[in-house]
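Some notes on the structure that comes next.
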There are 2 protein chains.
Amino acid sequence: MADRLPQLELANQLCFALYSASRASIRGYGPLLAELGLTYPQYLTMLVLWEATEPLTVGDIGARLHLDSGTLTPLLKRLEDVGLADRARDPEDERRVLITLTETGQAMRAKAAGIPERVFPLYGIDVASAQRLIRDLTEITNSLTHPRQG
Amino acid sequence: MADRLPQLELANQLCFALYSASRASIRGYGPLLAELGLTYPQYLTMLVLWEATEPLTVGDIGARLHLDSGTLTPLLKRLEDVGLADRARDPEDERRVLITLTETGQAMRAKAAGIPERVFPLYGIDVASAQRLIRDLTEITNSLTHPRQG
DNA sequence: CGTCTTTGAATTGTGCGCAATATTATTGCA
DNA sequence: TGCAATAATATTGCGCACAATTCAAAGACG
């Protein structure tokens, strides 16, 4: 019963700190997104679509959110079902599916505009710290996603 | 079509930076955990159990991982099915279920001991940065979990 | 002692994530 | 032109997360 393997202690795991913080932050969005009838991944998808200047393919959205069609196809169908987005095969390449916002989907942008500033205080940090954290986390994500050799 | 609402841009969302980094880090563990036949949440549960000096209840584990019985009950049943853990009602309080590791579960600890150091290089940061990050992330998790008033 | 409330876990239902596979369209190239 | 290889999306299956509900046991209290 070799006790104390510090490298296996929960409190020392960066992965667990990330996992906990991510879930806690998503919980923070819960009540606000419920007002819009969106789940958190649906909200992220709407952010991508609001930011786009032209129709995006499923793959485009997936590249931005790091999600594949196994996740996005049913999610986008739900957005379509509630009238926020349209899905249509690209006539120029029938393999692709182009996603566009409906009027309702576009209109929701204004209602969502106040959400980030309502959630931010919950983090309990200042804007500069948040920006640093975003930068550091983005670098870590890049590093994890594109490992230098094996 | 009011373009540019910076507060809604994906790249400015701390929540998305956390969400992406968390998923990327879990992906980093994937191949190593597959060798043990564990999923990531099962691995976290094993970390908790390896660290414990006495049997834990479902609630104890949930408090450490921020998970409820809706997630843990089926997960623990799976650990039981593969012979890593035992589940038994607490005779002193039949509402509680006590979780203990089997011999096999204890033995797996040695095999897992090398995992963190094999994953760490993937983050692309040094140990001091990782420790700072863990501290900062733990603080925002606490802040999100225990909001100061409404 | 009876019953009302609280507590801990299990159950149910929905929506992700993600691996693996299937399906259809396009491309490359002999 | 014909056909194999590739690409984009969809489908299937499993295991989380989490809200909502149920169920059984323990406490509280008249």
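Nothing here was measured: the structure is a model prediction, and the numbers come from that model. Just the heavy atoms: all of them, side chains too, but no hydrogens, waters or symmetry mates, feed the values below. Naming: A, B, ... by sequence-line order, numbering from 1 per chain.
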>> Among C/dA9, C/dG17, C/dA25, which nucleotide has an atom closest to any side-chain atom of B/Val58?
In response: C/dA9
> Does a side-chain N or O from B/Arg87 land closer than 4.0 Å to OP1 or OP2 of C/dA10, or not?
Replying inline: yes
> B/Ile99 CD1 to C/dA9 C1': how many Å, rounded?
Replying inline: 10 Å
> Is the shortest distance from a Lys or Arg side-chain nitrogen in B/Glu51 or B/Arg109 to a carboxylate oxygen in the other one below 4.0 Å?
Replying inline: no
>> Whether the side chain of A/Ser143 engages the backbone of B/Leu122 through a donor-acceptor N/O pair (distance < 3.5 Å, no angle test) should be reported.
In response: yes
> To the nearest 0.5 Å, what is the distance between CG (B/Leu65) and OG1 (B/Thr71)?
Replying inline: 10.0 Å
> Could you give the CZ-to-C1' distance, from A/Phe16 to D/dA17, as a whole number of Å?
Replying inline: 14 Å
>> Is the phosphate of C/dT11 approached by B/Lys77 (side-chain N or O, under 4.0 Å from OP1 or OP2)?
In response: yes
> When the distance from CG of A/Leu75 to P of D/dT11 is rounded to whole Å, what number comes out?
Replying inline: 15 Å
> Any side-chain N or O of A/Thr57 under 4.0 Å from OP1/OP2 of D/dT9?
Replying inline: yes
> Under 4.0 Å between a side-chain N/O of A/Tyr19 and OP1 or OP2 of D/dA17, yes or no?
Replying inline: yes
> Starting at CG of A/Asp68 and ending at P of D/dT11, how long is that distance when rounded to a whole Å?
Replying inline: 14 Å
>> Please determine whether any donor N or O and acceptor N or O are separated by less than 3.5 Å between the side chain of B/Arg95 and the base of C/dT7.
In response: yes
>> I want to confirm an ordering. Mapping B/Leu98 and A/Pro74 to their closest nucleotides on DNA chain C, which one lands closer to the 5' end?
In response: B/Leu98
> Any side-chain N or O of B/Arg78 under 4.0 Å from OP1/OP2 of D/dC16?
Replying inline: yes
>> What is the separation between atom CD on A/Gln42 and atom P on C/dG17, rounded to the nearest whole Å?
In response: 10 Å
>> Can you work out whether A/Asp93 or B/Ala24 has the more 5'-proximal nearest nucleotide on DNA chain C?
In response: B/Ala24
>> What contact category does B/Gly70 fall into here, base, sugar-phosphate, or nothing, at under 4.0 angstrom with non-hydrogen atoms?
In response: base
> Atom CD1 of B/Ile26 to atom P of C/dC16: distance rounded to whole Å?
Replying inline: 17 Å
>> Expressed as a whole number of angstroms, how long is the span from B/Glu92:CD to D/dG27:P?
In response: 11 Å
> When the nearest nucleotide of DNA chain D is assigned to A/Asp60 and to B/Asp90 on a heavy-atom basis, which residue is associated with the more 5' position?
Replying inline: A/Asp60
> Angle class for the A/Tyr43/A/Trp50 ring planes (parallel below 30°, perpendicular above 60°, tilted otherwise)?
Replying inline: perpendicular
>> I'd like to know whether A/Asn142 forms a side-chain hydrogen bond (donor to acceptor under 3.5 Å, both in side chains) with A/Thr145, so could you lay out the CA-CA distance, the side-chain angles of the two residues, the decisive distance to 0.1 Å, and finally the verdict.
In response: CA-CA 5 Å; A/Asn142 286 337; A/Thr145 308; 5.5 Å; no
>> Can you measure A/Arg96 atom CZ to C/dA25 atom C1' for me and round it to whole angstrom units?
In response: 11 Å
> At under 4.0 Å, does any side-chain N or O of A/Thr39 touch on OP1 or OP2 of C/dC16?
Replying inline: yes
>> Under 4.0 Å from OP1 or OP2 of D/dC18: is there any side-chain N or O of A/Arg23 that close?
In response: yes
> Which residue, B/Ser69 or A/Arg89, contacts DNA chain D at a nucleotide closer to its 5' end, judged by nearest heavy atom?
Replying inline: A/Arg89
>> With a 4.0 Å limit, can you tell me whether B/Thr73 has a side-chain N or O closer than that to the phosphate oxygens OP1/OP2 of C/dT11?
In response: no
> Taking the side chain of B/Thr71 as heavy atoms from C-beta outward, which of D/dC16, D/dA26, D/dT9 is closest to it?
Replying inline: D/dC16
> Do A/Pro116 and B/Leu8 have side-chain heavy atoms sitting under 4.5 Å apart?
Replying inline: yes
